[in-house]
Colleague: 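Before I ask anything, let me first share the structure, which is written out below as structure tokens.
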Number of protein chains: 4
Amino acid sequence: MYSELREEICQANKKLKDNGLVRWTSGNVSYRIPGINRVIIKPSGVDFDDLTAASMVIVNLAGEVIEGDLKPSVDTESHLYVYKHMENIHSVIHTHSPFATSFAIRGRDLPSYTTTAANIFKHRVPCSGFASIGGEEIGREIVQNIGESPAILLKNHGVFTIGESIDKALKAAVILEETAEYAFYALLQEPNIDPLSSEIIEQCNDFYLTSYGQ
Amino acid sequence: MYSELREEICQANKKLKDNGLVRWTSGNVSYRIPGINRVIIKPSGVDFDDLTAASMVIVNLAGEVIEGDLKPSVDTESHLYVYKHMENIHSVIHTHSPFATSFAIRGRDLPSYTTTAANIFKHRVPCSGFASIGGEEIGREIVQNIGESPAILLKNHGVFTIGESIDKALKAAVILEETAEYAFYALLQEPNIDPLSSEIIEQCNDFYLTSYGQ
Amino acid sequence: MYSELREEICQANKKLKDNGLVRWTSGNVSYRIPGINRVIIKPSGVDFDDLTAASMVIVNLAGEVIEGDLKPSVDTESHLYVYKHMENIHSVIHTHSPFATSFAIRGRDLPSYTTTAANIFKHRVPCSGFASIGGEEIGREIVQNIGESPAILLKNHGVFTIGESIDKALKAAVILEETAEYAFYALLQEPNIDPLSSEIIEQCNDFYLTSYGQ
Amino acid sequence: MYSELREEICQANKKLKDNGLVRWTSGNVSYRIPGINRVIIKPSGVDFDDLTAASMVIVNLAGEVIEGDLKPSVDTESHLYVYKHMENIHSVIHTHSPFATSFAIRGRDLPSYTTTAANIFKHRVPCSGFASIGGEEIGREIVQNIGESPAILLKNHGVFTIGESIDKALKAAVILEETAEYAFYALLQEPNIDPLSSEIIEQCNDFYLTSYGQ
């Protein structure tokens with residue numbers, strides 16, 4: 001069942017690798033099917049190049065496998081925690097994007113230095129506390145700390161993004177790495193550079209939400 | 001109409017992504033058709049991989065859509081401002097090139113440290129003041145500050161380049177990122193390194209304009 | 001003989017280049033065939049793009065060529081030293097991965113700053129002493145210093161990884177470069193940042209070994 | 001005439017782009033045909049993607065075009081100067097490799113920090129004085145300063161490599177950028193790190209020249 005959706009989630013997972021946000025088998029995209037609280041997620045430890053629609057795993061919100069021959073991602077419970085606590089979120093993405101992860105290693109929020117960052121993340125991409133892998137702990141850190149941003153840095157680990165659609169969560173993941181890359185270059189030269197002012201950030205974000213795109 | 005030109009502008013937009021100057025949907029190429037003051041430009045918020053000749057939008061200098069089913073880029077008014085104030089310019093390009101954007105975050109001009117930079121940008125790539133997205137404000141910053149260079153850093157935002165042809169504006173965008181990358185590496189090691197002297201820059205630029213290419 | 005295995009080792013060598021861990025002809029993958037102490041290894045000085053299954057060289061543990069028209073890698077004796085001293089290791093990989101090699105130039109261990117590093121390398125990726133190329137010296141440095149990690153930095157040279165399978169040695173090589181990249185970015189901004197605590201590292205590694213993958 | 005050689009030089013030029021050593025139209029490979037002092041070189045200002053065997057230009061040592069419809073590279077006289085003063089050199093390559101060029105902007109030699117650098121460049125890649133483009137001046141800087149290395153950093157400009165064959169000059173260009181990249185990362189963390197000792201460099205280089213490859 002859901003063969004088209006499985007294919008879509010499979011392709012979304014591969015896009016993480018195409019955009020340089022993951023390597024080997026780490027990182028994952030999940031999607032909550034509207035209305036029925038079933039979640040499609042990447043299987044654990046499978047290389048992105050080997051993913052197929054058939055290898056995607058479908059679980060219910062209790063984490064029980066409903067369809068699929070493989071074990072789901074070890075991050076599944078944390079994805080489910082987000083879905084259970086954020087009703088309008090339908091996609092959760094995890095990456096090890098290198099520039100963003102360097103801020104997560106330092107345990108620092110990434111403030112908005114550009115109009116692009118203000119458009120997508122508003123004031124900052126927050127950094128969570130440390131969370132163990134395998135249970136709901138990562139999910140709790142996401143829900144507690146992500147605030148207005150669709151992305152969060154997970155301390156000493158990597159990145160999570162969320163969205164009402166796969167496309168929005170993917171965009172947040174791709175733009176976070178762009179934003180982290182040039183912020184890193186700028187901050188290496190001038191460590192005390194000021195982020196954009198709150199007023200400019202609000203104005204950028206309002207314009208983006210009301211006027212950008214089709 | 002203009003199906004060959006639409007295809008050419010579509011391909012020029014895709015080259016921004018192929019050259020690592022943009023990600024996802026941000027950035028755009030426009031072209032003013034000689035003689036008739038019609039401008040072909042990327043639609044707003046469309047992924048570079050999904051662009052087709054048919055999706056390009058044609059506007060007049062007042063910003064009214066003449067042909068095309070999609071909304072034009074939110075940067076359209078600024079592109080038009082450039083065309084209205086710089087008669088010989090037929091292409092405007094906007095990117096978020098990471099190394100160049102790091103100089104724009106710092107609000108710093110990028111002086112010419114290499115013969116290549118002197119050839120294309122002469123003395124420096126200037127950095128503009130901050131401009132809001134969506135109106136003519138970016139266009140005004142470009143026209144007021146770009147000077148002799150075909151490229152300008154847009155404060156806390158990214159890069160704009162201009163040219164008499166698409167090829168010249170594209171070349172400026174590609175070479176700016178090359179130039180910003182090795183200047184960044186050099187300046188990290190030696191922050192007070194001297195740019196080339198004015199005399200050498202003039203000599204490089206003269207030779208380039210008179211002797212380079214076919 | 002062993003044409004399928006030769007093809008597999010050939011493809012594993014090409015993956016080093018696909019993952020940005022080697023350039024031109026440097027670096028190599030070898031594999032010890034279970035039970036018979038024959039080792040398949042890359043030929044010396046052959047471009048990764050020109051490798052074929054037929055060009056792979058098979059040697060015995062004394063370093064004598066058993067099959068193959070080409071000279072084996074100049075690192076062969078060091079690969080064999082590892083196989084002779086580590087019974088459960090069936091694959092050895094050598095790369096010049098740029099971020100990891102920068103730690104090897106400095107002669108520094110790379111401590112674990114992320115859950116991913118703790119999963120794969122436990123407490124640290126150690127750095128060896130300097131070893132000459134061409135004999136067993138590199139092999140001795142690996143066996144003496146690699147400890148609990150499947151990867152070692154070879155002083156002023158590059159990286160070696162080992163594994164019970166090709167896949168495990170390749171994973172260690174790919175994840176080492178990911179880990180070295182974001183650690184480098186973080187340490188440039190904050191040189192005294194703390195690695196993960198021993199307790200967290202043990203917990204990550206235990207979970208990874210017991211619960212990750214299929 | 002020489003259609004196979006033209007194709008070979010054309011492909012060698014494209015390899016500069018494939019290896020990230022050039023962008024747009026800058027940089028070039030030339031080859032001196034053994035015995036007859038004819039040189040095949042890239043045409044001036046042509047995009048690497050548009051190069052064909054037929055577009056390559058053949059000149060004599062006086063710089064006169066013998067075959068070809070296009071103008072040769074503006075660097076032709078400097079290539080010829082090298083061929084006239086270094087009898088055993090049959091290929092000259094020019095790139096704008098970003099990490100290596102950052103050392104050229106600083107006007108610094110790149111000492112050998114790794115066995116790979118010692119193998120190919122021996123003690124160091126020297127940096128020349130500044131030279132104007134368009135005449136023999138660059139060629140003179142190369143001949144006077146390149147010493148034992150097959151590569152030289154051209155001050156405020158880029159890189160030149162030389163070789164008895166195209167393959168050797170290409171290898172020097174590719175390995176120089178690898179070497180410059182990890183040296184840059186190491187030196188950013190520890191600016192006073194020691195290069196390899198002369199004794200180790202001699203030993204590496206001897207072993208490489210006598211034992212590496214087929």
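No experiment lies behind these values; they were computed from the predicted model shown. These values consider heavy atoms only, across backbone and side chains, with no hydrogens, waters or symmetry-generated copies. Chain letters run A, B, ... following the sequence lines, proteins first, then strands; residues in each count from 1.
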Colleague: Note each donor-acceptor pair with a separation under 3.5 Å, taking one atom from chain C and one from chain A.
Modeller:
from: Thr115(C); atom 1: N; to: Asn156(A); atom 2: O; distance (Å): 3.0
from: Thr115(C); atom 1: OG1; to: His157(A); atom 2: ND1; distance (Å): 3.4
from: Thr116(C); atom 1: OG1; to: His96(A); atom 2: ND1; distance (Å): 3.4
from: Glu178(C); atom 1: OE2; to: His96(A); atom 2: ND1; distance (Å): 2.9
from: Glu181(C); atom 1: OE1; to: Arg23(A); atom 2: NH2; distance (Å): 3.1
from: Glu190(C); atom 1: OE1; to: Arg108(A); atom 2: NH2; distance (Å): 3.3
from: Glu190(C); atom 1: OE2; to: Arg106(A); atom 2: NE; distance (Å): 2.9
from: Glu190(C); atom 1: OE2; to: Arg106(A); atom 2: NH2; distance (Å): 3.0
from: Glu190(C); atom 1: OE2; to: Arg108(A); atom 2: NE; distance (Å): 2.6
from: Glu190(C); atom 1: OE2; to: Arg108(A); atom 2: NH2; distance (Å): 2.7
from: Gln203(C); atom 1: NE2; to: Ser132(A); atom 2: OG; distance (Å): 2.5
from: Ser211(C); atom 1: O; to: Lys71(A); atom 2: NZ; distance (Å): 2.8
from: Tyr212(C); atom 1: OH; to: Thr25(A); atom 2: OG1; distance (Å): 2.8
from: Gly213(C); atom 1: N; to: Ser44(A); atom 2: OG; distance (Å): 2.8
from: Gly213(C); atom 1: O; to: Lys71(A); atom 2: NZ; distance (Å): 2.8
from: Gln214(C); atom 1: OE1; to: Lys71(A); atom 2: N; distance (Å): 2.8
from: Gln214(C); atom 1: NE2; to: Ser44(A); atom 2: O; distance (Å): 2.9
from: Gln214(C); atom 1: NE2; to: Lys71(A); atom 2: O; distance (Å): 3.0

Colleague: Quick check: closest heavy atoms across Ile166(A) and Ile9(A), and the distance to 0.1 Å?
Modeller: CD1-CD1, 3.3 Å
Colleague: Would you mind reporting whether Cys127(A) and Phe103(A) have side-chain heavy atoms less than 4.5 Å apart?
Modeller: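 A side-chain contact is absent here, since even the closest heavy-atom pair is not under 4.5 Å.
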Colleague: If you count heavy-atom pairs within less than 4.5 Å of chain C, which of Gly45(A), Pro43(A), Pro98(A) leads?
Modeller: Pro98(A)
Colleague: Looking only at heavy atoms, which two atoms of Ala183(A) and Leu110(A) are closest? And how far apart?
Modeller: CB-CD1, 4.0 Å
Colleague: Give, as side chain, backbone, both or neither, the part of Leu154(A) having an atom under 4.5 angstrom from any heavy atom of chain C.
Modeller: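 It is neither, since no heavy atom gets under 4.5 Å.
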Colleague: Provide the closest heavy-atom pair for Ala118(C) versus Leu196(C) in the form atom of the first, atom of the second, distance.
Modeller: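 Residues Ala118(C) and Leu196(C), closest heavy atoms: CB-CD1, 4.3 Å.
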Colleague: Atom CD1 in Ile93(A), atom CZ in Phe160(A): separation rounded to 0.5 Å?
Modeller: 10.5 Å
Colleague: Does the side chain of Val39(C) reach to within under 4.5 Å of the side chain of Ile33(C), using non-hydrogen atoms?
Modeller: no
Colleague: Given side chains that start at C-beta, do those of Leu176(A) and Leu153(A) come closer than 4.5 Å, heavy atoms only?
Modeller: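 The answer is yes; the side chains approach within 4.5 Å.
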Colleague: Could you tell me which portion of Ile175(C) (side chain, backbone, both or neither) has an atom closer than 4.5 angstrom to a non-hydrogen atom of chain A?
Modeller: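 The answer is the side chain of Ile175(C).
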Colleague: At a heavy-atom separation under 4.5 Å, does Phe99(A) approach chain C through its side chain, its backbone, both, or neither?
Modeller: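 Answer is both: backbone and side chain atoms of Phe99(A) are under 4.5 Å from chain C.
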Colleague: Which heavy atom in Ile146(C) sits nearest to a heavy atom in Pro126(C), and how many Å separate them?
Modeller: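 Heavy atoms of Ile146(C) and Pro126(C) come nearest at O-CG, 3.7 Å.
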Colleague: Heavy-atom cut-off 4.5 Å, strictly under: side chain, backbone, both or neither for Leu188(C) against chain A?
Modeller: both
